[in-house]
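Notes follow the structure.
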Amino acid sequence: MNKTHNLHKSLEKINKERFNKDLLSWYRSEQRDLPWRQNQDPYRIWVSEIMLQQTKVDTVIPYFKRFIESFPTVYDLAAAPEDKVLKAWEGLGYYSRARNLQSAVKEVVETYNGKVPDTPEQIANLKGVGPYTAGAILSIAYNKPEPAVDGNVMRVFSRILSIWDDIAKPSTRKIFEEAVRKLISEENPSHFNQALMELGAMVCTPKSPSCLLCPVQSHCQAFAEGVQDELPVKSKKKPPKPVPMAVGVLKTMENEVLIHKRPSTGLLANLWEFPNHETLSGGNAQDEQLQAFIEESYGVETEIEEHVKNFEHVFSHIKWKLAVYSGNVVKKASETEELRFVNIDQLEEFTFPVSHQKIIQLLKDGTI
Ligand code: SF4
């Protein structure tokens, strides 16, 4: 389709006052009662926004409640051991979010006397706080007219303003930030940004938007043109690269299992896992490669017995294709900070990534 956007022309068609009135009165009556909306505490809003990245609201609610109960203030989170923070995050994925949040909160305590900064420059310098999160905290907590543009807001505004730029391109965000700056309510920037997020979640959804129920339908240029289903334009990402992995659930005579702590940097840093190894095709069988790896790397002699199950775990750039094997530890090695032999009941005390939690489930239900 040969459509080029002209943001200024599109903006001229919007009556800002009426648009805000329609959007905000809808938000006031229809907003969901979410735990992070109980007050405007910037720390709570920050935690919620970090948790909500790549994760659905329903999933986040119980995590948010437990997290705030465990770490009610920036001081509690700053002082907590990292293991405890990761345990509270277990299952949410993208663990670097939790680690960055804690580092940034420490900076807030040390540099800003425990007060989450309220200027764009200071807040954007905190670890893990990108433009979206900065805008969300500044607007929702501090009522500053700053844009908070994520994929949802880009979808909503691409339709309202009929913007045909590819939202998968990082540079496109600027166009939407400019649009928000032009339209944001000066009286209530907090509700304006939250209303856009709510509209994207409840009405202007990715597939089949509910235009007939939409509070801003009379302002929506895509609806007027009948092209709401064609927007936003979003080019496809490269599919994640498959990585074959063999994982061993290896038991000692005492019925303990061997677990290992991942390195302190990189993917899933500092989380615990069952020993695993990226396997190469064309060489030895996967189980033999795994056995050799465990002996070489950990000094533990094992005997792999059975292939139990295959499953996949998708990250943004790679896809683990996990082949799970069971077997025995023939000769133990000394325990270290990174290598432990633990009873199945004790596994609860360690933080595992989601894919390895599935393996724990197999152990608990007796499959292994
Ligand atoms: S009218 Fe439809 S496409 Fe336009 S903002 Fe509302 S729900 Fe989205």
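Ligands are counted one by one from 1 in listed order, and the atoms in each one are counted from 1 as well.
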Quiz item: Which heavy atom in Ser162 sits nearest to a heavy atom in Leu231, and how many Å separate them?
Solution: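 Here Ser162 and Leu231 meet closest at CA-CD1, 4.1 Å.
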Quiz item: Would a line drawn from the ring center of Phe315 to the ring center of His313 be shorter than 6.0 Å?
Solution: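 So the answer is yes for these two rings.
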Quiz item: Does the separation of the ring centres of Tyr94 and Trp89 fall below 6.0 angstrom?
Solution: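 No, the ring centres sit 6.0 Å or more apart.
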Quiz item: Listed by chain and number, what are the salt bridge (Lys or Arg N to Asp or Glu O under 4.0 Å) partners of Arg28, not counting sequence neighbours?
Solution: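 In terms of salt bridge (Lys or Arg N to Asp or Glu O under 4.0 Å), with neighbours along the sequence ignored, Arg28 is linked to no residue.
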Exercise. Determine which pairs satisfy ring pair (Phe, Tyr, Trp, His ring centres under 6.0 Å) with at least one residue from residues 22-58, sequence neighbours left out, and list them in order.
Key: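 The answer is Tyr27-His191, Trp36-Phe64.
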Self-check item: Atoms of protein origin (N, O or S) under 2.8 Å from atom 2 (Fe) of ligand 1
Solution: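 The answer is Cys211 SG.
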Self-check item: Ile160 and ligand 1 - part of the residue with a heavy-atom distance under 4.0 Å
Solution: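 The side chain, only.
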Practice problem: Answer yes if the side chains of Gln53 and Thr133 hold a donor-acceptor pair under 3.5 Å, and no otherwise. | Solution: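 Thr133 and Gln53 do have a side-chain donor-acceptor pair below 3.5 Å.
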Quiz item: Excluding sequence neighbours, so at least two apart, what forms side chain to side chain donor-acceptor pair (under 3.5 Å) with Glu178?
Solution: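 Scan of Glu178 (side chain to side chain donor-acceptor pair (under 3.5 Å), adjacent residues dropped) gives His8.
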Exercise. Answer with yes or no whether Val156 contacts ligand 1, where contact means a heavy atom under 4.0 Å from a ligand atom.
Key: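 In this structure, Val156 fails to qualify as a contact of ligand 1 - no heavy atom is under 4.0 Å.
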